[in-house]
Amino acid sequence: MANVVKGNFPIDKFRDVETPFYYYDVDVLNRTLDLVKKESEANHAIVHYAIKANANPKVLKIIAQKGLGADCVSGNEVKAAIESGFPASRIVFAGVGKTDPEINLALDNDIFCFNAESIPELEVINELAGKKGKVANVELRVNPNVDAHTHHYITTGLNENKFGFNMDDLADVVKMFDSLKNLKLIGLHFHIGSQITDLSSYEHLCVKINELQDAMEAMGVRLANINIGGGLGINYEHPNHMPIADFEAYFRLFSKYLKLRPGQQLHCEPGRSIVAQCGSLITKVTYVKKGKEKQFAIVDAGMTDLIRPALYQAYHRIENISSDAEEEKYDVVGPICESSDVFDKDVLLNGTKRGDFLAIRSAGAYGEIMASGYNLRRLPKGYLSTEF
Ligand SMILES: *Cc1c(COP(=O)(O)O)cnc(C)c1O
């Protein structure tokens, strides 16, 4: 039973660090980025990393240094992107509720484009750009009514969602640009959901984009950019065997099914698939409590540090990186006063005792960034493997 496959952790050096904390394996991150670069370049796509997945400044700096662009959904994300070294000319800004100060910040920094989601938003960007004597680049976020076959909280491309323009309204919206003198329509933007592992959803997206492009062309509209958003899934079950998402299949699919017009530039916005597998939440076992039929590993991390299991019933692999003892079943639970504060039930872990370190794997995306101070808890810190 001693040969459970686990991640690589400098556990001796963890004893001096306050738990829980996020640990980012820079080697995994770099290998992921290198594959993204190789495949995107081979398929002529520009990659904008979706900062909302993980905005740890140390992680952002590594991603920026590899030459990626950034996808932002708030003014502070635009600011963080610029401070971390992402070139403004590769920053896109999405979101249904961009405020005036956020729009002004983006205008002042001359970002690549706004991914606009409604008519009132177009009118406000036009007005604010006009006051600055600028012309803002705009892509229209289109809701293609494609089911991403993922958790309903992270499906965004269906008609009933709050995101984007409906396909049917698009012709009218495009005509509005004749009177919006401080906007330039430079493309269409799509984002159908997250943690997409059934790539046929992307095939359906391509079909919708192709139809839309035909309709646009019939109206005499030529668009310089097509942005297919993010959403590529990762393997939460097997982070050790499948540490890098299948970017090759992803880009190959778009090359095969998406009919780009001559000169048209492809853009994409992966978030999770860039950062999820490099990150683990490291937590210490506070107590092992034996129940009548169960035993609980009560750890010092809670849903405030990693909310995905409580919020989306998401699965994360958990490893006891301190123990080689015979495996037993545990419910791994946090200290927060909520019954949903459970990382997983009936988990097979090497025999676990107070003081052991557990690694909650694949936690680099939507982990540290979603942490909260509920119960007045300290926010978890994040460390790169190169800091140990
Ligand atoms: C969240 C988001 C992304 C990234 O999604 P992932 O599933 O993390 O790849 C990309 N684009 C937009 C507009 C988003 O809101």
Side-chain angles (χ1 to χ4, degrees), residues 29 32-33 36 39-40 45-56 59-60 63 68-74 76-78 81 86 90-98 102 106 111-118 121 138-144 146 148-158 161-165 187-199 201-202 205 225-236 244-247 250-251 253-254 266-279 308 311-312 314 362-370:
L29 178 58
T32 305
L33 290 167
V36 169
E39 293 300 327
S40 61
I46 293 179
V47 180
H48 306 264
Y49 164 63
I51 285 191
K52 76 172 191 280
N54 186 321
N56 182 301
V59 171
L60 288 187
I63 298 172
L68 273 68
D71 164 43
C72 301
V73 291
S74 74
N76 279 345
E77 284 192 0
V78 172
F86 290 93
R90 293 223 163 173
I91 293 176
V92 298
F93 183 14
V96 296
K98 301 177 191 78
E102 290 178 315
I111 64 163
F112 175 64
C113 78
F114 292 85
N115 288 333
E117 311 216 12
S118 68
E121 181 192 336
V138 171
E139 292 175 345
L140 297 176
R141 176 166 180 175
V142 181
N143 189 330
V146 169
H149 300 290
T150 179
H151 193 284
H152 64 281
Y153 280 11
I154 50 178
T155 294
T156 54
L158 289 171
N161 288 119
K162 68 179 176 181
F163 299 100
F165 293 92
L188 297 179
H189 172 236
F190 305 83
H191 174 67
I192 58 173
S194 202
Q195 185 50 17
I196 295 169
T197 50
D198 174 0
L199 291 187
S201 300
Y202 285 125
L205 174 62
N225 300 280
I226 295 291
N227 184 332
I228 55 177
L232 179 62
I234 61 129
N235 192 321
Y236 281 97
I244 300 179
D246 197 350
F247 289 103
Y250 173 78
F251 284 111
L253 184 145
F254 283 98
L266 180 65
H267 300 256
C268 64
E269 307 169 333
R272 182 192 314 272
S273 54
I274 304 271
V275 288
Q277 295 291 38
C278 75
R308 298 189 66 257
L311 187 60
Y312 309 122
S362 313
Y366 307 107
E368 186 182 356
I369 193 73
M370 289 178 95

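Whatever order the structure lists ligands and atoms in, that order sets their numbers, starting from 1. Because the structure is a prediction, the values reported are computed rather than measured.
Counting all heavy atoms, side chain and backbone alike, Asn115 lies closest to Cys113 at OD1-SG, 3.5 Å. When all heavy atoms of Ile369 and Lys52 are compared, the pair lying nearest together is CG2-O, 3.3 Å.
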Could you give me the CA-CA distance, side-chain angles and deciding distance for Leu253 and Phe251, then say whether side chain to side chain contact (heavy atoms under 4.5 Å, CB included) is met? CA-CA 5 Å; Leu253 184 145; Phe251 284 111; over 6 Å; no
Could you walk me through whether Phe114 and Glu139 pass side chain to side chain contact (heavy atoms under 4.5 Å, CB included), step by step? CA-CA 6 Å; Phe114 292 85; Glu139 292 175 345; over 6 Å; no
Check ligand 1 against the protein and report each N/O to N/O distance under 3.5 Å, formatted as atom name, atom name, distance.
residue  : atom   : partner : partner atom : Å
ligand 1 : 7 (O)  : Ser194  : OG           : 2.3
ligand 1 : 7 (O)  : Gly231  : N            : 3.4
ligand 1 : 8 (O)  : Arg272  : N            : 2.8
ligand 1 : 8 (O)  : Tyr366  : OH           : 2.6
ligand 1 : 9 (O)  : Gly231  : N            : 2.8
ligand 1 : 9 (O)  : Gly271  : N            : 2.9
ligand 1 : 11 (N) : Asp71   : OD2          : 3.1
ligand 1 : 11 (N) : Glu269  : OE1          : 2.6
ligand 1 : 15 (O) : Lys52   : NZ           : 2.8

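In this structure, His48 has its ring center no closer than 6.0 Å to that of Phe86.
Counting only N and O atoms by type, the side chains of Asn54 and Glu368 include no donor and acceptor under 3.5 Å apart.
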